[in-house]
2 protein chains.
Amino acid sequence: MAKQTITIYDVAREAGVSMATVSRVVNGNPNVKPVTRKKVNEVIERLDYHPNAVARGLASKRSTTIGVILPDITQMFFASLARGIDDIASMYKYNIILENSDEDVDKKVEVLENLQAKQVDGIIYMGNAVDDRLREAFKAARTPVVFAGSVDDKNTLPSVSIDNKAAVYEAVNKLIDNKNKKIAFISGPLSEPVNGKFRLEGYRLALSEAKVDYDENLVFETSNTYEDGVKLASEIASTTGVTAAFVANDSLAVGLLNGLQDLGVKVPEDFEIISSNNTSLTKMVRPQISSIGHPMYDTGAVAMRLLTKLMNKEEVEERNITLPFDMVFRQSTK
Amino acid sequence: MAKQTITIYDVAREAGVSMATVSRVVNGNPNVKPVTRKKVNEVIERLDYHPNAVARGLASKRSTTIGVILPDITQMFFASLARGIDDIASMYKYNIILENSDEDVDKKVEVLENLQAKQVDGIIYMGNAVDDRLREAFKAARTPVVFAGSVDDKNTLPSVSIDNKAAVYEAVNKLIDNKNKKIAFISGPLSEPVNGKFRLEGYRLALSEAKVDYDENLVFETSNTYEDGVKLASEIASTTGVTAAFVANDSLAVGLLNGLQDLGVKVPEDFEIISSNNTSLTKMVRPQISSIGHPMYDTGAVAMRLLTKLMNKEEVEERNITLPFDMVFRQSTK
DNA sequence: CTGTTAGCGCGTTCAC
DNA sequence: GTGAACGCGCTAACAG
């Protein structure tokens, strides 16, 4: 038998109370006499009543749903953050609407409008590029937005991330300590602040402190894919004197690693690599890759926690949270 | 200035028409005079009006949102399916609410109720175990459910997946052709039908056709993690005579591969491996792993397409769709 | 502590 | 073609 949707009104009638009272017990409002509460709960159970979240959303203007915008869920980095977000969201009874943006500006704006139409209570944004149009849209949104895994360099939107500059600085320092004279910087699009600004700054700082001249021919801009890492290998191998690289993405680093090894370059003897993020990939390949330990799950979790506070209009001491990272040295460095 | 939510009523007033007319143009109802339509559209644009999806959902009883239940989004297999689902969902203007179930029965049921409360129009379920309680809940749901990447062995719920039995049969046949006499079957929980039923059946069929006795000591049940693959290596290596394995999961296979190699076992010379799913991992490790090519993205996409038909109450010729797979032979087999 | 009464923003008959 | 009116299921004052 098709289950007729049973409403709060049915429960009220059956329990001999008003729908307001039913609403109160459903929402845990303390102003209900225990006896009444018990009676209502019995009816709720008997009728198998389940509140309609949509109607609730319309009436209360809160959907208990948040939107998550990320470039691509199949990238381990984002999937890990998403998992952290979802766990905390569930804890606070929020649901998550996922939107893949492919780092496409039009799509991001479209997706944002979509999320707003659905009346999400908050948004978590992941991704590295934020163009002005999107930034405007975020500011115009009457819903809180938190950046996870990156920061908006142009703005002070709330965010949770690591100090990428410091992380790369440490990584490159390690490479310098290991007597490498020419160290490559390999990353995805430099147009993304995390690469073109923060990480590159860390790289340059480490070099300058070591009195090594910055050589832009050692900066390689590509995509964050395994395939491009493989392709890049021959170019790297033929760049005279380069004996080490910081690589901003694990998949990319694995591609480079395999590509180099296929060319007969020994890692770490002839070439050292430090990657970023420390996803599970880094320990699955041989040699295992040294990496910047990015607390991905925690980044998502903390971002979500921050968002709950913002949605709840609580005072937050710090809207831009920097999480600690660590360096995990494995076999791709000496 | 805080954007006051502007409603269909505001548009009606500004345009000098009734809200019914505005509703008609917003929903593309043809019964509107072109002039009127144009006027309304202008006002909509001028006022930057965006329909409230929640109110729409209440009134129409359709949320244009679907629920996706999966074990863990950080597992590449599920992330790939999710990506396929999302792309098709977007195409049909649906949004996705993601729920991680961790293959936990209580959580699954809870998550299902949650989704129903949110009035999702349909559900895509991924996961390998379906217990009776969940099955009942699915059947009681007045919303269509499609299985993606697995089938419900006990039922005829709509599904999209590959023929795992046939796939494993082919894989094991290859190993048999390569003169392996003792071939291990390694998978996650055998309680999951995909392992304990379909895959194992394929394995046994291949063996029996080759007149090889089935030896349950060669069936290894573990979890689908890299770490457990590594741990399993020594056990496998010390099992006399085993020279090959079918491994039901790529991460697990990589763990085994690395574990074996660390023990000095040469792959594929001393030991051959064929894994399942052909995620990107298989070509990142050395030797690259031969694998059953599972059309993950397509599985998600087709499942979502099927769901749209079901939600639309269209007639579907086949509710249980089997997608083709292929065998990708790489360096872990001779 | 409990009931009444308004909406929330929109889709949808039904008349005109 | 278009508008008036009702209702979707629930929350939130406001009385009492």
Side-chain angles (χ1 to χ4, degrees), chain A residues 3-41 43-44 47-65 93 113 116-121 142-143, chain B residues 3-41 43-44 47-65 93 113 116-121 142-143:
Chain A
K3 191 200 304 174
Q4 307 302 330
T5 49
I6 95 116
T7 76
I8 202 173
Y9 185 79
D10 300 318
V11 177
R13 184 167 29 69
E14 284 290 312
V17 298
S18 77
M19 49 176 295
T21 299
V22 177
S23 176
R24 288 193 186 94
V25 347
V26 166
N27 292 298
N29 185 317
N31 294 338
V32 181
K33 206 193 302 179
V35 192
T36 314
R37 178 186 305 282
K38 185 157 175 293
K39 186 174 54 182
V40 172
N41 274 324
V43 175
I44 286 180
L47 265 44
D48 192 31
Y49 165 73
H50 290 276
N52 179 324
V54 174
R56 226 206 282 240
L58 220 211
S60 69
K61 295 178 162 305
R62 297 183 58 248
S63 62
T64 60
T65 302
K93 306 296 179 197
E113 288 182 353
Q116 310 223 106
K118 297 258 160 140
Q119 309 295 112
V120 296
D121 299 330
R142 64 277 187 215
T143 229
Chain B
K3 189 202 307 174
Q4 308 301 331
T5 49
I6 95 117
T7 75
I8 203 173
Y9 186 78
D10 300 318
V11 176
R13 186 168 25 73
E14 285 290 313
V17 298
S18 76
M19 50 171 293
T21 299
V22 177
S23 176
R24 289 193 186 93
V25 347
V26 166
N27 292 298
N29 186 316
N31 293 340
V32 182
K33 210 191 303 179
V35 193
T36 315
R37 179 187 305 283
K38 184 157 178 292
K39 187 173 55 180
V40 171
N41 275 324
V43 176
I44 287 181
L47 263 44
D48 192 31
Y49 165 72
H50 290 278
N52 180 324
V54 175
R56 228 207 279 239
L58 221 212
S60 69
K61 296 179 163 302
R62 297 185 59 247
S63 61
T64 61
T65 302
K93 305 298 179 197
E113 288 182 353
Q116 310 222 104
K118 296 257 160 140
Q119 310 295 114
V120 296
D121 299 330
R142 64 280 187 207
T143 228

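Side chains are part of it too, since the values below use all heavy atoms of this structure and drop only hydrogens, waters and symmetry mates. Chain A is the first sequence line, chain B the second, and so forth, proteins listed ahead of strands; every chain is numbered from 1. Predicted, not measured: the structure shown is a model, and the values here were computed from it.
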> Got a sec, which residues hit side chain to side chain contact (heavy atoms under 4.5 Å, CB included) with Ile8(B), two or more places apart in sequence or on another chain?
Replying inline: Met19(B), Val22(B), Ser23(B), Tyr49(B)
>> According to side-chain hydrogen bond (donor to acceptor under 3.5 Å, both in side chains), who are the partners of Thr64(B), at least two apart in sequence or on a separate chain?
In response: Lys118(A)
> Can His50(A) and Glu113(B) be said to form a side chain to side chain contact (heavy atoms under 4.5 Å, CB included), step by step?
Replying inline: CA-CA 8 Å; His50(A) 290 276; Glu113(B) 288 182 353; 3.9 Å; yes
> Going through the distances and angles, do Val26(A) and Arg56(A) end up as a side chain to side chain contact (heavy atoms under 4.5 Å, CB included)?
Replying inline: CA-CA 11 Å; Val26(A) 166; Arg56(A) 226 206 282 240; 3.9 Å; yes
> What are the 5'-most and 3'-most nucleotides of DNA chain D lying under 4.0 Å from any heavy atom of chain B?
Replying inline: dG1(D) to dG9(D)
>> Could you work out, with side chain to side chain contact (heavy atoms under 4.5 Å, CB included) as the rule, every residue matching Ser18(B), not counting sequence neighbours?
In response: Ala20(B), Thr21(B)
> Looking at residues at least two apart in the chain, or sitting in another chain, which of them share a side-chain hydrogen bond (donor to acceptor under 3.5 Å, both in side chains) with Gln119(A)?
Replying inline: none
>> What's the separation between atom CG in Asp121(A) and atom CZ in Arg142(A), rounded to the nearest 0.5 Å?
In response: 11.0 Å
> Which parts of nucleotides 10-16 of chain C does protein reach within less than 4.0 Å, heavy atoms only, written one letter per nucleotide 5' to 3' as B for base, S for sugar-phosphate only and - for none?
Replying inline: BBB----
> Which residues, if any, of residues 31-40 of chain B bring a heavy atom under 4.0 Å of DNA chain D?
Replying inline: Asn31(B), Val32(B), Lys33(B), Thr36(B)
Taking only distance into account, with no hydrogens and no angle test, what donor-acceptor pairs under 3.5 Å do side-chain atoms of residues 33-41 of chain A form with protein atoms, sequence neighbours excluded?
{"from": "Arg37(A)", "atom 1": "NH2", "to": "Asn29(A)", "atom 2": "O", "distance (Å)": "3.0"}
{"from": "Lys38(A)", "atom 1": "NZ", "to": "Glu42(A)", "atom 2": "OE2", "distance (Å)": "3.2"}
{"from": "Asn41(A)", "atom 1": "ND2", "to": "Arg37(A)", "atom 2": "O", "distance (Å)": "3.3"}

> Which heavy-atom pair separates Gly57(B) from Val54(A) by the least distance, and what is that distance?
Replying inline: C-CG1, 4.0 Å
> Can any side-chain N or O of Thr143(A) pair as donor or acceptor with the backbone N or O of Val120(A) at less than 3.5 Å?
Replying inline: yes
> If pairs are Watson-Crick or G-U with both distances under 3.5 Å, what is the dot-bracket string of DNA chain C, marking crossing pairs with [ ] and pairs to another strand with |?
Replying inline: ||||||||||||||||
> Taking the nucleotide of DNA chain D with the closest heavy atom to each, which residue, Val17(B) or Leu58(B), is nearer the 5' end?
Replying inline: Val17(B)
> Do you know the tightest heavy-atom contact between Pro51(A) and Ala117(B)?
Replying inline: O-CB, 3.7 Å
>> Just to verify, what does Asp10(A) make a salt bridge (Lys or Arg N to Asp or Glu O under 4.0 Å) with, not counting sequence neighbours?
In response: Arg13(A)
